[in-house]
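Numbers here are sequence positions counted from 1.
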Amino acid sequence: MRTRLAIKIHAFLESRFPERRVFLKSDSDTRFIRLKSETQLIAFGGATLLVAWTIVATAILLMDSIGASNFREQAKRDQATYQERLNALSQERDARADEAVAAQQRFNAALTQISAMQTELLASENRRRELETGVEVIQTTLRATMRQREAARAELERLLDEKGDTAAVERVAAEVPAQMDFMAAALERTAEQRDQIRADAQSALAARAELELEIKLMEERNDQIFRQLEEAMTISLEPLDKMFRSAGMPTDRIIEEVRRGYSGQGGPLTPLSFSTRGEEPSADELRANQLLQQMDQLNLYRIAAEQAPFASPVRAAVRFTSGYGYRRDPKTGGKRMHNGSDFAGKHGTDIHATADGVVTHAGWQSGFGKLIKIRHAFGIETYYAHNSQLRVKVGQRVSRGDHIADMGSTGRSTGTHLHYEVHVNGRPVNPMTYIKASRNVF
């Protein structure tokens, strides 16, 4: 049975791959190589597999390149959009802060004016009371004078009855009308002053009502401004806070460290107090102070984000070839820990700093080849290995996005790529934690 099957298979192969001979002729001899059907089948199958593997590998490389290019373009667009958004929020924040200060100044001016009006109203009320008291005094004096006049008349009548002295009577009678006229004129002037003070008091009350209405409208406008500023601060602070927490960075300690480093002139905003009196601050003053504190916190977050490696070290078309963690060593084949991420690209591709910092190493180091180390804030240090050329020197201060090296294959490497590491307090961590944390922000 097996013999028949073998014969059939051989006959089939003979029909598809007939036996061939390759002749090798020399000056003195002629030889040939016999190619059996089975040998031709194996060669054909090997060539087919090689072509198929080449096609698949090429397709994978093209897809990776297209995907990486799309990711970079999207990252650039997102970063530009976020930067525009931050700039717009900063401008709106400044405008709202100016409006809040102007509104507070108007409010203080209105309070000052109301205080002056109240002082004037109290003075008018005091003058009115004084005039009323004067009127009462004059009336009392007038009544006393009238009683004296009656007494004088009685005395005149008695004198006339007793002595008949007409000259003395006429003299006393002439003095009484003059005194009466003087008292009547004084009483009339006092009444006119009282009526004028009453009119001034009514005008002051009307002006006070208008000022109270203006203050109410101003308070409503201030409340609207406060709400818009509070919403803007919430939208701005939450993504930054989430980015730091996603990277495992304690935001309270980070913000306090940045605050200490930028406490001098030209640093972040310092919260102001809108209280202009020696009393407890009002609700609006508390809201304004809270908004200024949030603006200060937003500014500190932006400074901290520039000093942490929330960026990709390569902006050109690259392929992510190896991640952080245990992997099969490309040289020995054994299982070893890989402390960084590998990005394969063209020779000479620009390498960029992922955060602000100071260069602590720029030279050859065994295994890493041409290596750059940058020390950042918060105990963070980044490594850039296997470079072909270095663009910075030890002690140089760099900013995020600065061109620091060219991609190469120096040191222990199987091809052109960048080996990128992030160390926190001397211990390596996964660099992609920081890169992924920034995707929703930058």
Subject >> Atom pair OH/OG of Tyr434 and Ser312 - distance to nearest 0.5 Å >> reply: 15.5 Å
Subject >> Sidechain N-carboxylate O distance under 4.0 Å for Asp406, Arg391 >> reply: yes
Original post:
With a 4.5 Å heavy-atom cut-off, do Arg336 and Tyr326 have their side chains touching?
Top reply: no
Original post:
What is the minimum heavy-atom distance between Gly340 and Glu421, and which atoms define it?
Top reply: CA-CG, 3.8 Å
Subject >> Nearest heavy-atom neighbours spanning Leu50 and Thr54 >> reply: O-OG1, 2.8 Å
Subject >> Residue pair Asp402 / His352, side-chain heavy-atom distance below 4.5 Å >> reply: no
Original post:
CG/Asn430 to NE2/His338 distance, rounded to the nearest 0.5 angstrom?
Top reply: 10.5 Å
**OP:** Give a yes or no on whether the backbone of Met407 and the side-chain of Ser388 come within a donor-acceptor separation of less than 3.5 Å.
**Re:** yes
Subject >> Gap between atom CG of Asp342 and atom OH of Tyr324 - 0.5 Å precision >> reply: 13.5 Å
Original post:
Between Gly411 and Trp364, which heavy-atom pair has the shortest distance, and what is it?
Top reply: N-CH2, 3.6 Å
Subject >> Contact check, side chains of Ile435 and Pro313, non-hydrogen atoms, under 4.5 Å >> reply: yes
Subject >> Residue pair Pro431 / Val422: nearest heavy atoms and the distance that separates them >> reply: CB-CG2, 3.8 Å
Subject >> Validation row: Asn387, Leu418 side chains within 4.5 angstrom (heavy atoms) >> reply: yes
Original post:
Just how far is it from atom CG of Leu371 to atom NE2 of His361, taken to the nearest 0.5 Å?
Top reply: 4.5 Å
Anything under 3.5 Å between a donor and an acceptor, one on a side chain of residues 353-360, the other on a protein residue two or more places apart or in another chain? List them.
residue	atom	partner	partner atom	Å
Thr354	OG1	Tyr384	OH	3.2
Thr354	OG1	Tyr420	OH	3.0
Asp356	OD1	Arg400	N	2.8
Thr360	OG1	Lys373	O	3.4
Thr360	OG1	Glu381	OE2	3.2

Subject >> Interatomic spacing from OG1 in Thr410 to CG in Leu390 - rounded to 0.5 Å >> reply: 8.0 Å
**OP:** Compare all side-chain heavy atoms of Ser413 with those of His386 and state whether any distance is below 4.5 angstrom.
**Re:** yes
Subject >> Pair His417, Thr321: side-chain N/O donor-acceptor within cut-off below 3.5 Å >> reply: no
Original post:
Taking atom CD1 of Ile404 and atom CD1 of Ile351, what is their separation to the nearest 0.5 Å?
Top reply: 7.5 Å
Subject >> Parallel, tilted or perpendicular: ring planes of His423 versus Tyr383, cut at 30 and 60 degrees >> reply: parallel
